[in-house]
Engineer: 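Dropping the structure in here first, questions after.
Quick note on labels: first sequence line is chain A, next is B, and so on, each numbered from 1. Only this structure's heavy atoms are used, side chains among them; waters, hydrogens and symmetry mates stay out. Predicted model only: the values in this text are computed from it and were never measured.
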2 protein chains.
Amino acid sequence: MANIREIAKVAGVSVATVSRVLNGYPYVKEEKRKAVWEAVEKLNYTKNINAVHLAKGKTSIVGVVLPYVNHPYFGAIVEGISREALRYGYHLLLFQTNYEVQKELEALEMLRMKQVDGLIICSRIVSWDVIDVYKDDGPIVLCEDVKGRDVLSVYINHYEAFLFAMKYLMNKGHRKIGYCIGRTTGTNSKAREAAYYDALRNIHESPRKEWIFDHCLYIEDGKRVVNEWLALPEKPTALLVSSDQVAAGIVLWGRREGINIPEDLAVFSFDNHPIAEALEITTMDLPLSLMGTKAFRMIYQCLETGKIAKKSEKLDARLIERSSV
Amino acid sequence: MANIREIAKVAGVSVATVSRVLNGYPYVKEEKRKAVWEAVEKLNYTKNINAVHLAKGKTSIVGVVLPYVNHPYFGAIVEGISREALRYGYHLLLFQTNYEVQKELEALEMLRMKQVDGLIICSRIVSWDVIDVYKDDGPIVLCEDVKGRDVLSVYINHYEAFLFAMKYLMNKGHRKIGYCIGRTTGTNSKAREAAYYDALRNIHESPRKEWIFDHCLYIEDGKRVVNEWLALPEKPTALLVSSDQVAAGIVLWGRREGINIPEDLAVFSFDNHPIAEALEITTMDLPLSLMGTKAFRMIYQCLETGKIAKKSEKLDARLIERSSV
DNA sequence: ATAATGTATGAAAAGCGTTTCAATGCAATA
DNA sequence: TATTGCATTGAAACGCTTTTCATACATTAT
């Protein structure tokens, strides 16, 4: 495979000139410019981008760290990142972690090794100490409330959203409220948990462990929730569900079990995925795609200008009132 | 940032020895090995992976070309690819194309420039001539029937699956059958179209343009289909739907319009996404994740051994009988 | 004792584009 | 005419690791 030196030889110019032509720099006589392009054509030359990466010290790639590629929640975020990255000529390197520390570390190592120029961590399990170690290796954006820590972040105000939902349910007269969550660890989950407990405390209700359903991610998890709910001696009358997927599962499997929604069980969900519209599920719209877009922009700005306008950005959820509550 | 030369100096060895230690090669005295690791520790050294890429001429990255990251169909494929890539220490570079030729070309260029070692094209719009140009730049796997062309491929037998579905519907007495598809171009879509026409011809029914619904990808497209179906002067009694998402939309919006399924309208779908189970939709299970896994393996095998066991692999769909037909 | 192996190590080349610096030529301004 | 400045170009350094080749010494086999 031809390289830039051969092009230079064939075109009768120096490698510097070839580089100038290839990158569209000025100060090259038109005839030389032409000669270079002809040589490129003739030798069927293509840049070796790894040499470019080495020489420039950057790759125009940002890494995206997430537990599951195939979940609509993360899909929406990635979509937002992808759209923006495309616009600025950046590429995306995907790190599916399954919440394994090892995999997350690997992604961080890739930042240090300059495989990626920056990192967007959609969800994580590694501790802050670990993140801190890699902070100087390139911009890292977290999709969670970093609470004043010295890292970039764009996040959805899950606490407010959950609190809002709780109050909404309580306004409708509900006192016995349970909730479904993807995992109990993680900043976002903790924020929701806090809102849940705070709201319950407000009405002097004590929380019940059996009304909290963990590991709720996909539609099929809704089936499990319905079955567990049915088996409950004392049942909550309403459920906050952190994902429309799970809510859809609950509504659909619930129907099959003869559960009336919202009469027997009110379902209040989050995401505003089209499935929620189709099922008339009351939900909070989460600006996931926007969050991805903003996360990328933050990285980009940091990379190109070295400055950051805002270190942290909080995005709000929006009520979509339908008939499942 | 320290480099391998500095490590060599500090450890009092040559760069070759440092490289040996770093890569776990034999033939290094234990004491030197230790000295190197100590220097690495001391200088907080990390490899510059771009230099590695350049020197090795490979990156251990495979590119994944797809139109939309955020569709469950492609999500499932990527999931399969990702799982396998993880196992073999490969990374995934995502190319979201939105079916723009320019974007697909860019991905192919990345193969030529050695940004990626191989390419998995989940769906495409560029012509075969274009693909051919890049064939020698690295392994390319297509997720479609390449019909004897000299490219690798793993694909689902959409023709058989669609034909099977048509016969199934016809066995249930349906004669007026329409179908919903994501796009009308593309090998996979053409295969389905062919099966549709072949089956109709079999029962001497002539196809109707207004019974073919294009651009059906997401749940919300089901709403559109329902509305169009309702407005039809003469309605098909059954619909073949290429995606469970759309089928779900049809079933759900159909219910809201008082359409009885399957009495008024039978729905036969594809994918076997959990949503189909929740909605009791009869569907064909498509081994999407498996296809991704196999696609990666093909690339991997090609890369590591230079040989290909099978150039093309056809995967079959499986009937999941439920109650929407 | 000698040839043949195996272990251990470093110098140098190879992989390749970018960028800086110095130099040359030519035109415009003082 | 002298000076300043811009246009043009190339040599060489830079980014960094891998890998080959040659060398030296220690064993083991013949």
Engineer: Can you measure A:Glu6 atom CD to C:dC16 atom P for me and round it to whole angstrom units?
Structural biologist: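 These atoms are roughly 9 Å apart.
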
Engineer: Rounding to a whole Å, what distance do you find between A:Lys9:NZ and C:dG17:P?
Structural biologist: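 Between P of C:dG17 and NZ of A:Lys9: 13 Å.
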
Engineer: Rounded to whole angstroms, how far apart are CG on A:Leu43 and P on C:dC16?
Structural biologist: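 Between P of C:dC16 and CG of A:Leu43: 13 Å.
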
Engineer: I'd like to know if A:Glu31 pairs up with A:Lys34 as an ion pair, taking the criterion as any Lys NZ or Arg NE/NH1/NH2 lying under 4.0 Å from an Asp or Glu carboxylate oxygen.
Structural biologist: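 Salt bridge flag = no for A:Lys34 with A:Glu31.
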
Engineer: To the nearest angstrom, how far is B:Leu54 atom CG from C:dT18 atom C1'?
Structural biologist: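 Nearest whole value for this atom pair: 13 Å.
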
Engineer: Would you kindly give the CD-to-C1' distance between B:Glu30 and C:dT7, to the nearest whole Å?
Structural biologist: 14 Å

Engineer: If I take atom OH in residue A:Tyr27 and atom P in nucleotide C:dA23, what distance separates them, rounded to the nearest angstrom?
Structural biologist: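 Going from A:Tyr27 (OH) to C:dA23 (P), I get 20 Å.
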
Engineer: Of B:Val52 and A:Lys56, whose nearest nucleotide on DNA chain C comes first from the 5' end?
Structural biologist: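 Nearest-nucleotide comparison on DNA chain C picks B:Val52.
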
Engineer: For A:Lys114 and for A:Val28, find the nucleotide of DNA chain D with the closest heavy atom, then tell me which residue's nucleotide is more 5'.
Structural biologist: A:Val28

Engineer: Looking at every strand, decide which applies to A:Val18 at a 4.0 Å heavy-atom threshold: base, sugar-phosphate, or nothing.
Structural biologist: nothing

Engineer: Closest to the B:Ala16 side chain: C:dA11, D:dT18, C:dT9?
Structural biologist: C:dA11

Engineer: Within the modelled atom types, does a donor on one side and an acceptor on the other bring the side chain of A:Arg20 and the base of D:dG10 under 3.5 Å apart?
Structural biologist: yes

Engineer: Whether A:Lys114 and A:Asp137 form a salt bridge (side-chain N of Lys/Arg under 4.0 Å from carboxylate O of Asp/Glu) is what I want to check.
Structural biologist: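 No salt bridge links A:Asp137 with A:Lys114.
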
Engineer: Can you tell which of D:dT19, D:dG10, C:dT9 lies closest to the side chain of A:Thr17?
Structural biologist: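 Shortest atom-to-atom distance from the side chain points to D:dG10.
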
Engineer: Calculate the interatomic distance between B:Asn23 atom CG and C:dA8 atom P; express it in whole Å.
Structural biologist: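 Whole-Å distance recorded here is 17 Å.
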
Engineer: Hey, which sits more toward the 5' end of DNA chain D by its nearest nucleotide, A:Ser14 or B:Ile4?
Structural biologist: A:Ser14

Engineer: Classify the angle between the aromatic ring planes of A:Phe296 and A:Tyr90 as parallel (below 30°), tilted (30 to 60°) or perpendicular (above 60°).
Structural biologist: perpendicular

Engineer: Please classify the nucleic acid contact of A:Val13 as base, sugar-phosphate, or nothing, using heavy-atom distances under 4.0 Å.
Structural biologist: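 Answer is sugar-phosphate: A:Val13 comes under 4.0 Å of backbone atoms only.
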
Engineer: Would you kindly give the OH-to-C1' distance between B:Tyr45 and D:dC16, to the nearest whole Å?
Structural biologist: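 So the OH-C1' distance, B:Tyr45 to D:dC16, works out to 8 Å.
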
Engineer: Would you tell me if any nitrogen or oxygen in the side chain of B:Ser19 comes within less than 4.0 Å of OP1 or OP2 on D:dT18?
Structural biologist: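 Checking B:Ser19 against D:dT18: at least one side-chain N or O falls below 4.0 Å of OP1 or OP2.
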
Engineer: Of the nucleotides D:dC16, C:dA8, C:dC16, which has the atom closest to the A:Arg5 side chain?
Structural biologist: C:dC16

Engineer: Quick one: do A:Glu84 and A:Lys294 make a salt bridge, cutoff under 4.0 Å?
Structural biologist: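 Judged by the 4.0 Å cut-off on N to carboxylate O distance, A:Glu84 and A:Lys294 do not form a salt bridge.
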
Engineer: Could you walk me through whether A:Tyr134 and A:Glu109 pass the side-chain hydrogen bond (donor to acceptor under 3.5 Å, both in side chains) check?
Structural biologist: CA-CA 8 Å; A:Tyr134 294 90; A:Glu109 275 299 320; 2.6 Å; yes

Engineer: C:dG17, C:dT19, C:dG10: which one has an atom nearest the side-chain heavy atoms of A:Lys47?
Structural biologist: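 In terms of side-chain proximity for A:Lys47, the closest of C:dG17, C:dT19, C:dG10 is C:dG17.
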
Engineer: Starting the side chain at C-beta, find the nucleotide from C:dG15, C:dT18, C:dA12 nearest to B:Val15.
Structural biologist: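 That would be C:dA12.
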
